[in-house]
Amino acid sequence: MSLGWTPIAEEAERAARLRHPDRHGMPKPAHRRILTIANQKGGVGKTTSTVNVAAALALHGLRVLVIDLDPQGNASTALGVEHRTGTPSVYEALIGEIGLVEAAAVSTASDNLLCVPATIDLAGAEIELVSMVARESRLRQALNDDALDELNVDYVLIDCPPSLGLLTVNALVAAQEVLIPIQCEYYALEGLGQLLSNIDLVRSHLNTALHVSTILLTMYDGRTKLADQVTSEVRQHFGNTVLRTVIPRSVKVSEAPGYSQTVLAYDPGSRGAMSYVDAAREIAEYGSHMDEQTDGA
Ligand code: ADP
Ligand code: MG
């Protein structure tokens with residue numbers, strides 16, 4: 001009997017893992033990982049992927065910090081973290097007014113999940129930063145080892161705004177890795193060249209450790225031929241960097257933030273939730289073997 005290989009058995013196994021995440025913990029990374037979730041196109045699933053991957057890692061025993069670097073504050077909302085004006089936020093941490101630890105709040109999604117929220121004040125930061133000293137490395141300074149040790153986190157995920165401005169540059173300077181979400185739709189690859197050349201620029205001038213470690217295909221609609229074409233084109237181009245897990249287009253995923261929740265809390269048994277858990281597991285497995293890999297930096 002090879003029941004273990006049937007799709008139904010596989011689904012049942014995934015569902016069981018989801019109901020009892022503590023029994024199926026994800027491995028700690030070889031060293032703390034800082035990932036920037038970037039793509040200058042809006043609406044490709046940056047925020048959705050940031051919060052749901054973060055929640056999945058946290059629910060499986062890892063300590064995670066999300067930095068909301070988009071003035072819209074959508075990641076803060078989805079994680080159930082206050083982000084009204086006046087709330088200690090990433091803005092004050094960037095301009096050096098407060099430390100990271102002061103700005104971090106615990107998410108309603110998990111006690112293991114912290115979030116430094118973005119308030120509308122961040123909208124002005126893009127311009128204010130221009131005249132500041134070390135304007136490209138303000139976030140890196142805020143994310144110093146002492147602060148991250150104090151918060152005791154295994155993962156830092158930085159959710160970028162939909163532009164290649166100074167906020168995104170700060171995120172690229174602060175991270176070792178870039179996770180690029182790609183929407184399985186027409187024009188999906190448009191603008192990707194520009195993002196990659198910006199990453200190259202940051203690597204050669206400001207952050208030699210930076211590399212694209214992870215590509216996540218999102219909003220996959222199995223009914224369209226186009227989705228498959230985009231998927232295979234991306235896989236051809238980026239090879240192993242692309243996660244095997246593809247996030248399906250799912251109404252549950254888009255409804256969850258309306259309830260200030262991740263999809264894992266909103267509907268843990270949904271395909272969207274399970275895919276994000278699978279994607280997070282792939283990310284965690286890769287991280288646990290990182291020191292054995294040679295293509296790191
Ligand atoms: P970005 O941060 O790149 O601008 P978002 O994560 O905010 O993109 O996603 C854009 C919109 O698409 C949001 O309304 C979000 O709820 C929706 N969305 C994201 N992923 C999915 C999905 N897998 N299925 C359905 N809707 C999705
Ligand atoms: Mg966003």
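Atom set for the values below is all heavy atoms of this structure, side chains included, hydrogens, waters and symmetry mates excluded. One is the number of the first residue; the rest follow in order along the sequence.
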Report the distance from atom [atom1] of [X] to atom [atom2] of [Y], rounding to the nearest 0.5 Å.
| X | Y | atom1 | atom2 | result |
| --- | --- | --- | --- | --- |
| N112 | L57 | CG | CG | 10.5 Å |
| C160 | I37 | SG | CD1 | 7.5 Å |
| C184 | M219 | SG | CE | 9.0 Å |
| T77 | D68 | OG1 | CG | 8.0 Å |
| I158 | L143 | CD1 | CG | 5.5 Å |
| Q236 | T231 | CD | OG1 | 11.5 Å |

task: Evaluate whether atom CG of D111 has more than 12 neighbouring non-hydrogen atoms of other residues, nucleotides or ligands under 6.0 angstrom away.
output: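 No, not enclosed.
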
Report yes if the side chains of [X] and [Y] come closer than 4.5 Å at any heavy-atom pair, otherwise no.
| X | Y | answer |
| --- | --- | --- |
| V178 | L172 | yes |
| D121 | T85 | yes |
| S250 | R271 | no |
| L189 | E233 | yes |
| S288 | K28 | no |
| L148 | I34 | yes |
| R33 | S213 | yes |
| H60 | V277 | yes |

In one Ile/Leu/Val/Met/Phe/Trp/Tyr side-chain cluster, 4.5 Å: [X], [Y]:
| X | Y | result |
| --- | --- | --- |
| L226 | V246 | yes |
| I95 | V101 | yes |
| L79 | I120 | no |
| Y220 | Y187 | yes |
| L157 | V44 | no |

Hey, is the main chain of [Y] close enough, under 3.5 Å, to the side chain of [X] for a donor-acceptor pair?
| X | Y | answer |
| --- | --- | --- |
| T36 | A171 | yes |
| D159 | I67 | no |
| D154 | R63 | yes |
| E282 | T245 | yes |
| R203 | L210 | yes |
| D70 | G73 | no |
| T218 | G45 | no |
| R235 | L243 | yes |
| D267 | K252 | no |
| N170 | L139 | yes |

task: Please collect all ring pair (Phe, Tyr, Trp, His ring centres under 6.0 Å) contacts where either partner lies in residues 228-282, sequence neighbours excluded, each pair once.
output: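 Sorted pair list: Y259-Y266.
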
query: Yes or no on side chain to side chain contact (heavy atoms under 4.5 Å, CB included) for T214 and L35, after CA distance, side-chain angles and deciding distance?
result: CA-CA 9 Å; T214 316; L35 290 99; 4.2 Å; yes

Shortest non-hydrogen contact between [X] and [Y], atoms and distance:
| X | Y | result |
| --- | --- | --- |
| A175 | N207 | O-ND2, 2.7 Å |
| P257 | A78 | CB-CB, 4.5 Å |
| A103 | I98 | CB-CD1, 3.8 Å |
| V66 | A54 | CG2-CB, 3.5 Å |
| T48 | N52 | O-ND2, 2.8 Å |
| I247 | A279 | CD1-CB, 4.3 Å |

- prompt: Could you walk me through whether E126 and R135 pass the salt bridge (Lys or Arg N to Asp or Glu O under 4.0 Å) check?
  reply: CA-CA 10 Å; E126 197 94 54; R135 59 186 182 184; over 6 Å; no

Between [X] and [Y]: side-chain donor-acceptor atoms closer than 3.5 Å:
| X | Y | value |
| --- | --- | --- |
| H83 | S89 | no |
| E128 | Y91 | yes |
| N74 | T47 | no |

- request: Quick one: list whatever passes side chain to side chain donor-acceptor pair (under 3.5 Å) with E82, sequence neighbours left out.
  value: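 Only R84 meet the side chain to side chain donor-acceptor pair (under 3.5 Å) criterion with E82.
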
message: Restricting to side chain to side chain donor-acceptor pair (under 3.5 Å), what partner residues turn up for T87, sequence neighbours left out?
response: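 T87 satisfies side chain to side chain donor-acceptor pair (under 3.5 Å) with no other residue.
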
- request: Evaluate the criterion side chain to side chain contact (heavy atoms under 4.5 Å, CB included) for residue pair M26 and Y155; output intermediate values, then yes/no.
  value: CA-CA 12 Å; M26 294 185 189; Y155 277 85; over 6 Å; no

task: Walk me through it: do L69 and L94 pass the test side chain to side chain contact (heavy atoms under 4.5 Å, CB included)?
output: CA-CA 10 Å; L69 209 56; L94 277 174; 4.2 Å; yes

message: As a quick check of understanding, evaluate side chain to side chain contact (heavy atoms under 4.5 Å, CB included) for Q176 and R32, giving each step before the final call.
response: CA-CA 10 Å; Q176 303 116 18; R32 183 183 293 135; over 6 Å; no

